[in-house]
> 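Below is the structure I would like to discuss, written out as structure tokens.
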Number of protein chains: 2
Amino acid sequence: MSDPEAKPARGRPKTMNADNVLDLAMTAYWHSDPADVSVNAICQMAGISKPSLYRAFGSEDGLSRAALDRYAEQVLSEMFAVLQGGAGLRETLAALIDFACDDPRMDTGCLFYKMRAGKHRLGPETRARVDEIDASAQAAYATFLKAARAAGDWSNGLSVEAGAKYLGEQISLAITQRASGEDPARVREMLTLALSVFTRP
Amino acid sequence: MSDPEAKPARGRPKTMNADNVLDLAMTAYWHSDPADVSVNAICQMAGISKPSLYRAFGSEDGLSRAALDRYAEQVLSEMFAVLQGGAGLRETLAALIDFACDDPRMDTGCLFYKMRAGKHRLGPETRARVDEIDASAQAAYATFLKAARAAGDWSNGLSVEAGAKYLGEQISLAITQRASGEDPARVREMLTLALSVFTRP
DNA sequence: CTCATTTTATACTAACTGGTATTTTATTTC
DNA sequence: GAAATAAAATACCAGTTAGTATAAAATGAG
């Protein structure tokens with residue numbers, strides 16, 4: 001944003017740290033569900049007034065969009081990194097399975113998947129961002145699978161696009177199940193089974 | 001409930017047909033989302049007053065529970081019938097795929113899966129019924145798979161329980177994707193792929 | 001006709017939602 | 001010190017939610 005070391009403006013000094021509020025909002029949306037967290041609740045948790053929040057983020061839509069942006073930077077980027085790491089098919093799939101089944105941050109699910117599942121309840125900005133991330137993820141999965149196919153690691157009758165969608169949805173399902181309290185070992189077993197279609201002829 | 005041909009009681013005659021209201025509520029919950037349909041909206045659609053609805057169903061929880069009961073009778077029963085039909089593994093899987101991907105009633109998704117996905121927003125009665133149905137479905141899938149295994153149709157390393165869970169979740173995923181506007185051919189392709197693990201050694 | 005009975009509709013409650021108008025407070029600049 | 005500026009908090013708005021108190025209306029029984 002703006003220079004954090006800029007001269008301290010002119011009016012009454014800020015006491016609200018928008019960054020902290022955003023972190024808190026992201027975490028609240030993430031750990032419960034975007035639809036179950038009101039702006040009122042966020043203000044209360046953050047110990048700020050509503051006008052302060054609205055001055056910083058404009059609207060609930062602006063806040064949830066900013067929270068999703070931050071989530072994409074902080075969390076989703078890692079998943080993209082795994083996909084783009086250039087490792088082989090089996091290694092990458094194993095890393096994705098580990099991420100979905102073991103990463104403690106996914107204990108309470110994935111904010112992006114939660115938002116996507118309740119997309120119709122989001123404001124237009126946030127919804128657009130969800131679609132954007134969805135498309136990026138689909139593209140990343142497709143690029144990964146295309147490379148695997150070029151390397152001869154994978155060659156069943158499926159199109160790359162269908163495979164990419166399938167892969168993404170299976171990971172989403174696993175994370176969602178895990179967040180809903182399903183036995184982690186069982187989740188891993190099911191995800192491994194679902195993704196075994198990529199490694200069997 | 002009570003005899004529809006019983007003598008016409010004593011007070012002011014009913015004008016509300018609770019059965020019609022229940023159908024309407026079930027359809028509304030089903031075609032949009034239980035969390036997005038208020039009792040106010042149902043009363044308005046049904047052309048009845050709130051006290052009438054509350055006298056018939058007690059509470060929102062009572063109404064949604066009754067709607068789920070009716071859905072189980074009218075729709076889910078068919079899926080159970082397919083599972084218990086005694087057909088072979090491949091035939092039954094094919095029938096399940098057809099149901100999930102082609103049955104026009106699943107165009108807007110499955111009320112049970114929608115309720116299960118938003119379980120924490122339901123009242124206690126409805127939530128308990130969701131859990132009950134979930135357990136029945138799991139049991140039906142398990143019985144089906146056990147028979148298939150006994151017939152020698154299926155024998156990979158998976159436990160019957162894990163297979164049952166997997167099967168149920170894949171069908172849920174397919175129906176949910178279809179309802180969210182995904183290309184039906186693509187959904188079928190993915191579900192077929194997911195279930196191919198049962199028919200390959 | 002009168003009374004008990006039952007259903008109806010109107011109108012209300014209290015709590016919550018996202019959002020804002022208004023005023024107060026703290027600061028820099030002059 | 002006075003003016004300008006910006007952020008703060010309080011208190012509100014209109015709309016929605018689930019749920020209900022109350023009274024009107026429509027019937028059968030006596």
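Only this structure's heavy atoms are used, side chains among them; waters, hydrogens and symmetry mates stay out. In what follows, every chain begins at residue 1, and chains take the letters A, B, ... in the order their sequences are listed.
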> Regarding A:T199 and A:S196, is there a side-chain donor-to-acceptor distance under 3.5 Å anywhere?
no
> In Å, rounded to the nearest 0.5 Å, how long is the span from CZ of A:R129 to CZ of A:F112?
9.5 Å
> C:dT8, OP1 or OP2 - any side-chain N/O from B:R55 closer than 4.0 Å?
yes
> Ignoring hydrogens and geometry beyond distance, is the side chain of A:R10 in donor-acceptor contact with the base of C:dT28 at under 3.5 Å?
yes
> Consider only side-chain N and O atoms of A:H120 and B:D33, and report whether a donor and an acceptor are under 3.5 Å apart.
no
> Tell me whether the count of non-hydrogen atoms from other residues, nucleotides or ligands lying under 6.0 Å of CD in B:Q84 goes above 12.
yes
> May I ask you to evaluate whether A:S52 reaches the phosphate of D:dA7, defined as a side-chain N or O under 4.0 Å from OP1 or OP2?
no
> From CD1 of A:I48 over to C1' of D:dA6, roughly how many Å is that when rounded to an integer?
16 Å
> Expressed as a whole number of angstroms, how long is the span from A:R65:CZ to C:dG18:P?
20 Å
> What's the closest nucleotide to the A:P13 side chain, out of D:dG19, C:dT10, C:dA26?
C:dA26
> Five pairs per end, C1' atoms only: what is the angle between the end axes of the helix from C:dC1-D:dG30 to C:dC30-D:dG1, to 10 degrees?
30°
> Measure OH/B:Y54 against P/D:dT22 and give the value in whole Å, please.
18 Å
> Whole Å only: how far is the CG atom of B:D61 from the C1' atom of D:dT17?
16 Å
> Between the base of D:dA9 and the side chain of A:K50, is there a donor and acceptor pair under 3.5 angstrom?
no
> To the nearest Å, give me how far apart CE (A:M16) and C1' (C:dT27) are.
18 Å
> Taking B:R178 for its side chain and B:P184 for its backbone only, find out whether a donor-acceptor pair lies under 3.5 Å.
no
> Return the value, rounded to whole Å, for the distance between atom CG of A:N17 and atom C1' of D:dA7.
14 Å
> Answer yes or no: is there a donor N or O on one side and an acceptor on the other, between the side chain of A:D107 and the main chain of A:A179, under 3.5 Å?
no
> Within this structure, what is the NZ-to-P distance between A:K14 and D:dT5, rounded to whole angstrom?
18 Å
> State whether the side chain of B:R127 and the backbone N or O of B:L122 hold a donor-acceptor pair below 3.5 Å, judged by distance alone.
yes
> Between A:R116 and A:E169, does any NZ, NE, NH1 or NH2 come within less than 4.0 Å of an OD or OE carboxylate oxygen?
yes
> Give the rounded distance in Å between these two atoms: CG of A:L63 and C1' of C:dT17.
15 Å
> Here's a test of your reading of the structure: between A:P51 and B:R12, which maps to the more 5' nucleotide of DNA chain C?
B:R12
> Near DNA chain D, counting only heavy atoms under 4.0 Å, which residues of residues 33-44 of chain A show up?
none
> Could you tell me whether B:K119 and B:D131 have a side-chain N and a carboxylate O separated by less than 4.0 Å?
yes
